[in-house]
Number of protein chains: 2
Amino acid sequence: MEASDIYKCIADPQRLRILNLLEAGVLCVCHLQELLEVPQVKMSKQLASMKKLGLVESHREGTWMLYAMAEPINRLVGVNLRYLREADCTECNQLQLDLLRRERLILRIRQTSNECPESVCQQIGCC
Amino acid sequence: MEASDIYKCIADPQRLRILNLLEAGVLCVCHLQELLEVPQVKMSKQLASMKKLGLVESHREGTWMLYAMAEPINRLVGVNLRYLREADCTECNQLQLDLLRRERLILRIRQTSNECPESVCQQIGCC
DNA sequence: TAATTATATACTATTGACAGTATATACAAA
DNA sequence: TTTGTATATACTGTCAATAGTATATAATTA
């Protein structure tokens with residue numbers, strides 16, 4: 001996996017946001033959709049491309065697909081996420097905002113029964 | 001200038017190599033061409049695109065165009081160059097190699113009279 | 001078994017980046 | 001003023017990435 005492949009990947013703001021969110025913890029496709037407000041098909045394709053690159057992993061829980069950062073996390077991705085989270089630009093602020101929205105989402109899931117199966121909840125950390 | 005513009009730029013290995021070289025010091029177009037072994041038109045277009053982005057600057061010395069990193073150097077570019085120069089991948093090794101080739105080029109210019117005008121030499125650091 | 005939910009894939013059209021060729025410009029030297 | 005050198009731009013064709021629509025698959029529930 002070359003550096004240029006990584007850069008092509010994170011050159012798409014939406015893919016960068018996905019990596020930023022997954023670095024904070026596991027999420028299922030539908031919650032990623034909700035957080036980023038993108039159509040299902042687009043999210044699915046972007047996740048597939050990053051899985052192909054080896055940046056993320058997925059596993060099924062019932063009808064749900066949980067996505068997580070592939071371990072060990074790609075160092076170049078890590079370096080850039082760390083930098084961008086601290087930096088000040090439109091995209092950088094969005095990354096910080098996304099992490100806050102993720103917190104709120106998890107709180108909501110915790111309060112809403114049957115929003116996701118229990119095994120999923122454990123991994124997401126909502127229960 | 002958004003992060004995604006920077007990533008799109010450095011997602012091209014050749015543009016990354018150019019930035020890597022310019023970060024080490026001023027170079028003229030023809031020497032960049034020689035170091036990277038690319039046709040003139042390609043080099044010229046890539047430099048133009050990076051100038052448009054605000055990453056590099058140029059000024060004319062006679063028939064020569066000297067390119068340099070725009071000051072202050074873009075921080076995201078800096079972070080990535082610093083990381084890649086230390087890392088171990090095909091592209092990273094190339095960056096290190098390029099810097100060595102640059103040293104040798106400058107030595108050669110120093111020994112060859114009239115390879116470039118004196119004012120250029122001063123900036124490149126070859127005399 | 002049929003219906004529903006969550007997700008993935010196939011297909012198509014469009015767009016943007018890039019390479020290559022040709023030509024233009026800017027300056028220097030004769 | 002012509003010639004040469006260094007560099008930039010215009011133009012064109014090609015290819016890869018993307019979005020959107022439709023459909024398929026996989027698991028769950030009724």
Side-chain angles (χ1 to χ4, degrees), chain A residues 2 4-18 22 26-53 56-68 109 112 114-121 123-124, chain B residues 4-18 22 26-53 56-68 109 112-121 123-124:
Chain A
E2 294 293 318
S4 56
D5 294 321
I6 305 297
Y7 291 134
K8 262 175 223 148
C9 174
I10 62 179
D12 180 306
Q14 227 137 39
R15 281 192 297 256
L16 182 64
R17 290 173 68 191
I18 293 170
L22 292 184
V26 176
L27 279 174
C28 84
V29 179
C30 60
H31 289 146
L32 280 169
Q33 271 174 244
E34 181 181 335
L35 287 169
L36 270 67
E37 299 173 45
V38 292
Q40 179 265 321
V41 62
K42 187 171 177 186
M43 180 57 68
S44 187
K45 282 195 278 192
Q46 284 185 325
L47 287 167
S49 74
M50 292 194 284
K51 191 174 174 183
K52 198 175 168 190
L53 255 187
V56 304
E57 295 171 340
S58 67
H59 75 275
R60 182 176 284 278
E61 289 284 336
T63 57
W64 298 49
M65 286 295 277
L66 296 185
Y67 278 83
I109 298 174
T112 321
N114 83 354
E115 177 136 14
C116 60
E118 204 172 322
S119 64
V120 173
C121 280
Q123 295 190 59
I124 293 182
Chain B
S4 55
D5 294 320
I6 305 297
Y7 290 133
K8 263 175 222 147
C9 174
I10 62 178
D12 180 306
Q14 226 138 38
R15 282 192 295 257
L16 182 64
R17 290 173 69 191
I18 294 170
L22 292 184
V26 176
L27 278 175
C28 84
V29 179
C30 61
H31 289 147
L32 279 168
Q33 271 174 245
E34 180 180 333
L35 287 169
L36 270 67
E37 299 174 46
V38 292
Q40 180 265 323
V41 62
K42 188 172 176 186
M43 180 56 70
S44 185
K45 281 195 280 191
Q46 283 185 326
L47 286 167
S49 73
M50 292 194 285
K51 191 174 173 183
K52 197 174 169 191
L53 254 187
V56 304
E57 296 170 340
S58 66
H59 74 275
R60 182 176 283 279
E61 290 282 336
T63 58
W64 297 49
M65 285 295 276
L66 294 185
Y67 277 83
I109 297 174
T112 321
S113 62
N114 83 356
E115 177 136 14
C116 60
E118 203 171 324
S119 64
V120 172
C121 279
Q123 296 191 56
I124 293 182

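Protein chains get the first letters and strands the later ones, always in sequence-line order, with residue 1 at the start of each. All values below come from the heavy atoms of this structure, side chains included, with hydrogens, waters and symmetry mates left out.
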Side chain of B:Pro39, heavy atoms from C-beta onward: which of C:dG20, D:dA26, D:dT7 has the nearest atom to it?
C:dG20
Side-chain N or O of B:Tyr67 closer than 4.0 Å to phosphate OP1/OP2 of D:dA8
yes
What's the closest nucleotide to the side chain of B:Val41 if the choices are D:dT7, D:dA10, C:dT9?
D:dA10
In this structure, how many angstroms lie between the C1' atom of D:dA10 and the NZ atom of B:Lys42, rounded?
19 Å
Spacing of CD1 belonging to A:Ile6 relative to CG belonging to A:Leu53, to within rounding of 0.5 Å
5.5 Å
note: B:Gln46, atom CD; C:dA19, atom C1'; distance rounded to Å ~ 11 Å
Taking all atoms of both residues into account, what is the closest heavy-atom pair of B:Arg15 and B:Cys9, and its distance?
NE-O, 2.8 Å
Under 4.0 angstrom between A:Arg15 side-chain N/O and D:dT18 OP1 or OP2
yes
Between C1' of D:dA26 and NE2 of A:His59, the distance in whole Å:
15 Å
Considering non-hydrogen atoms only, spot the tightest contact between A:Leu27 and A:His31 and give its length.
CD2-CB, 4.3 Å
Any donor-acceptor N/O pair under 3.5 Å between D:dA6 base and B:Gln40 side chain:
no
Check the distance between C:dT9's P and A:Met43's CE and give it to me in whole angstrom.
15 Å
So, is B:Ser44 near the phosphate of D:dA8, with a side-chain N or O under 4.0 Å from OP1 or OP2?
yes
Identify the two heavy atoms, one from A:Val26 and one from A:Gln123, that lie closest to each other, and give their separation to 0.1 Å.
CB-O, 4.0 Å
What is the distance, rounded to the nearest whole Å, between atom CH2 of A:Trp64 and atom C1' of D:dT28?
13 Å
Atom CZ of B:Arg60 and atom C1' of C:dA28: how far apart are they, to the nearest Å?
11 Å
Between D:dT5 atom C1' and B:Glu34 atom CD, what is the distance in whole Å?
16 Å
Just verifying a value: how many Å separate B:Ile109 CD1 and B:Cys121 SG, rounded to the nearest 0.5 Å?
6.5 Å
Base C:dG20 to side chain B:Lys45, donor-acceptor N/O within 3.5 Å cut-off:
yes
Between A:Lys8 and A:Thr63, just flag the one whose closest nucleotide in DNA chain D comes earlier from the 5' side.
A:Lys8
Hey, which sits more toward the 5' end of DNA chain D by its nearest nucleotide, A:Asp12 or A:Glu61?
A:Asp12
Roughly how many Å is it from CG in B:Leu47 to P in D:dA8, rounded to a whole number?
7 Å
